[in-house]
Participant: 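Dumping the structure here so I can ask a few things about it.
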Number of protein chains: 2
Amino acid sequence: MIKSPTLLSCGDCPIRHNAVCATCDAAELAMLEKVKSYRTVAAGALLAEAGQPLTHLSSIVSGCATMSRTLEDGRRQTVGILLPSDFIGRPGRATSVFDIETLSEVTICRFERQTFETLVASTPHIATRLLSMTLDELDAARDWAVVLGRLTAREKVAAFLVSLARRQAVSSGKMVPQGATVLHLPLSREAMADHLGLTIETTSRQMTALRRDGLIETPSNREIRIPDFEALALEAADDDDGGLIA
Amino acid sequence: MIKSPTLLSCGDCPIRHNAVCATCDAAELAMLEKVKSYRTVAAGALLAEAGQPLTHLSSIVSGCATMSRTLEDGRRQTVGILLPSDFIGRPGRATSVFDIETLSEVTICRFERQTFETLVASTPHIATRLLSMTLDELDAARDWAVVLGRLTAREKVAAFLVSLARRQAVSSGKMVPQGATVLHLPLSREAMADHLGLTIETTSRQMTALRRDGLIETPSNREIRIPDFEALALEAADDDDGGLIA
DNA sequence: CGATTCATTGATTAGTTTCAACCGCAGTGG
DNA sequence: CCACTGCGGTTGAAACTAATCAATGAATCG
């Protein structure tokens, strides 16, 4: 399950400019360098479990994971898709509130909780960045509440593809997807359904419907081509214009 | 709409120990005192509008408000119920992402954005407290996603009453509601429905059903008596035990 | 007292879930 | 080599939950 990590210096780190360390200067990076450690985990692993102690805080360096909660009777809701530069764990709380499960092989950059909390307290660059990231996540979580509470199944699926396309566009440099876009789906239909508050079947049907209507093409199950991004965004009913407000 | 504020010193402030200023010392309070101003607004006022500039950040001192978004076609989702000590506005962003609407007469303690952001940068006690509050809100937003995505109408209504009872218990000193509890509903059925992702009619029917089943009593439309809090919590299916993890 | 607003209740409809079957593909072992 | 099995995904039919449409009741306010 846990593979030996590839050594990486912060300067070469792919999430150097997006993660919690984004605004750190050279001296601060040197401190982080001393206390960080990488870990690579196979797909399907539990990085954290609801109610269980979480000894390390970490950033996703590569790969994809979900944050979810499962009710006693088995109903599951995924409350977040974790992609590179996303943060795992909650400073100031010793146990995890959600399950964190890897969807692909995932490499994380981790810090022992106590060490990290000391660092936050003593390094304003990190504290400020953490606050900013947390505020962004809060906005995203509330945006998602609108999707879960008020959109139809078709709109939910469209909204999910649109949000994923936006995140992949951001992390690959170009800020906003436009016109034709190709999208790699890091999730199974089941994981999508868990995030959308739908069943697998409904999710699949809506994917089929979007394909039938020419809004998406599916070269393979995990690849989506969006011929006209704006048209798909329109299906999502969410009047979010891409979050360019900042 | 805007009434003349009652003068109040921070030491006497009802949210002194719960708001963003909770961990400030006397010197820090003195600084806040100089730059704060109170404002009291009638029920039904818009404190902020999605997409519009938000010049002040504030804390709710008394009263109740909702944070919501409305889609072009009129569908509305409330993403948060704001009660005393809750924070309004997002440091680092000049415009509001949501509508903030008062449900009752509301008094807020407000700070000009620039001033507050300077204060956050220079006062670790405020920055830390703000981070901690934001993290709590993030957890709450994600918890609510589970409600919106996976609970039935009956469970949603029960979950809402349970969460409101918990918040009112916390703010009135006792930490956890137990046995028989009386609850003041600051929201109309419509506001409840908007928060639950349901229609007014369904919300009303589920209230009736919970009353029929003896889980709640309704002396008036805005008053709920919960004879057995644990029984109601059980109806909510949400295995949250009250968030005592902190 | 009529008008208005908010809440409840009933009947019907629509959208999503549930139950079930089937397909395509990859891995496995006779 | 190829039937067998397991898994993820798709599709169909029936069941069910919540939404919609419509009417009534209760409370508040000029």
Side-chain angles (χ1 to χ4, degrees), chain A residues 43-44 64 66 71 73-78 101 103-104 147-161 184-213 216-224 235 237, chain B residues 42-44 64 66 71 73-77 101 103-104 147-161 184-213 216-224 235 237:
Chain A
C64 178
T66 57
L71 305 181
D73 61 5
R75 285 177 286 180
R76 174 159 63 181
Q77 177 67 43
T78 294
E101 190 179 354
L103 294 181
S104 64
V147 171
L148 290 175
R150 288 302 180 200
L151 298 200
T152 64
R154 180 188 177 92
E155 291 168 334
K156 282 180 176 182
V157 171
F160 172 72
L161 296 175
H184 173 71
L185 262 193
L187 314 80
S188 66
R189 292 288 183 272
E190 181 171 28
M192 279 181 61
D194 284 341
H195 190 35
L196 294 168
L198 299 171
T199 57
I200 301 181
E201 295 94 325
T202 299
T203 305
S204 176
R205 277 187 250 271
Q206 298 304 331
M207 290 288 285
T208 304
L210 291 176
R211 181 172 350 103
R212 176 175 35 70
D213 298 345
I216 61 173
E217 293 158 24
T218 53
S220 84
N221 264 333
R222 293 297 186 104
E223 241 169 332
I224 310 282
E235 290 294 319
Chain B
C64 177
T66 57
L71 304 182
D73 61 5
R75 283 176 287 179
R76 176 158 61 180
Q77 177 65 45
E101 191 179 352
L103 293 182
S104 65
V147 171
L148 291 175
R150 289 301 181 202
L151 299 199
T152 63
R154 179 187 177 93
E155 290 169 334
K156 282 180 175 181
V157 171
F160 172 73
L161 296 175
H184 172 72
L185 262 193
L187 314 80
S188 65
R189 292 288 183 274
E190 180 171 28
M192 278 182 62
D194 284 341
H195 190 36
L196 293 168
L198 298 172
T199 58
I200 301 181
E201 295 94 325
T202 300
T203 305
S204 175
R205 275 186 250 271
Q206 298 306 329
M207 290 288 286
T208 304
L210 290 176
R211 179 169 356 101
R212 176 175 34 72
D213 297 346
I216 61 174
E217 293 157 25
T218 53
S220 84
N221 264 333
R222 295 296 187 104
E223 242 169 332
I224 310 282
E235 290 294 319

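Since this is a predicted model, take the numbers as computed values, not measurements. Note: hydrogens, waters and symmetry copies are ignored here, and every other heavy atom, side chains too, is used. In the text below, chain A, chain B and the rest are named by the order of the sequence lines, each starting its count at 1.
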Participant: Can you tell me how far C1' of C:dT8 sits from CZ of B:Arg189, to the nearest Å?
Facilitator: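 From B:Arg189 CZ to C:dT8 C1': 9 Å.
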Participant: Could you tell me which residues satisfy salt bridge (Lys or Arg N to Asp or Glu O under 4.0 Å) with A:Arg205, sequence neighbours excluded, listed by chain and number?
Facilitator: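 So A:Arg205 forms no salt bridge (Lys or Arg N to Asp or Glu O under 4.0 Å) with any residue.
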Participant: May I ask you to say whether B:Lys156 pairs ionically with B:Glu235, meaning some side-chain N is under 4.0 Å from a carboxylate O?
Facilitator: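 Salt bridge: no.
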Participant: Check side chain to side chain donor-acceptor pair (under 3.5 Å) between B:Thr202 and all other residues, then give those that pass, not counting sequence neighbours.
Facilitator: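 If we apply the side chain to side chain donor-acceptor pair (under 3.5 Å) test to B:Thr202, skipping adjacent residues, the hits are B:Thr199.
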Participant: Decide, yes or no, whether a salt bridge links A:Arg211 with A:Glu217 under the criterion of side-chain N to carboxylate O below 4.0 Å.
Facilitator: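 No.
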Participant: Would you kindly give the CG-to-C1' distance between A:Leu196 and C:dG15, to the nearest whole Å?
Facilitator: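 Rounded to the whole Å, the gap is 16 Å.
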Participant: Provide, to the nearest angstrom, the distance between the CD1 atom belonging to A:Ile200 and the P atom belonging to C:dC23.
Facilitator: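 Atom-to-atom, A:Ile200 to C:dC23, this comes out as 19 Å.
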Participant: Output, in order, the C-alpha distance, side-chain angles, deciding distance and verdict of side-chain hydrogen bond (donor to acceptor under 3.5 Å, both in side chains) for A:Glu201 and A:Ser204.
Facilitator: CA-CA 5 Å; A:Glu201 295 94 325; A:Ser204 176; over 6 Å; no
Participant: Rounding to a whole Å, what distance do you find between A:Glu223:CD and D:dG9:P?
Facilitator: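 These atoms are roughly 14 Å apart.
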Participant: In whole angstroms, how far is the P atom of C:dA7 from the CE atom of B:Met207?
Facilitator: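 Between P of C:dA7 and CE of B:Met207: 10 Å.
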Participant: In whole Å, I'd like the distance from the NZ atom of A:Lys156 to the C1' atom of C:dG15.
Facilitator: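 My rounded result for the distance is 11 Å.
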Participant: Check the distance between D:dT11's P and A:Leu210's CG and give it to me in whole angstrom.
Facilitator: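 After rounding, the gap between these two atoms is 13 Å.
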Participant: Quick one: what's the B/S/- string for nucleotides 18-30 of chain D, heavy-atom cutoff under 4.0 Å, read 5' to 3'?
Facilitator: SSBB---------
Participant: Within the structure, does a side-chain N or O atom of B:Thr208 lie under 4.0 Å from either OP1 or OP2 of C:dT9?
Facilitator: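 Answer yes for this pair, as a side-chain N or O of B:Thr208 is under 4.0 Å from OP1 or OP2.
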Participant: Hey, does B:Arg75 reach any base, or is it just sugar-phosphate, or nothing, if we go heavy atoms under 4.0 Å?
Facilitator: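 Answer is nothing: B:Arg75 stays at 4.0 Å or more from every strand.
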Participant: When the distance from CE of B:Met192 to P of C:dC6 is rounded to whole Å, what number comes out?
Facilitator: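 Whole-Å distance recorded here is 15 Å.
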Participant: Taking the side chain as everything from C-beta on, heavy atoms only, tell me whether B:Leu210 gets closer than 4.5 Å to B:Leu161.
Facilitator: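 Result yes, sub-4.5 Å side-chain heavy-atom pair found.
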Participant: Say you draw a straight line from NE2 of B:His184 to CD of B:Glu223; how long is it, rounded to the nearest 0.5 Å?
Facilitator: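 Rounded to the nearest 0.5 Å, the NE2-CD separation comes out at 8.0 Å.
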Participant: If you compare every side-chain N and O of B:Arg211 against the phosphate oxygens of C:dT8 (OP1, OP2), does one of them come in below 4.0 Å?
Facilitator: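 Affirmative; the distance criterion is met.
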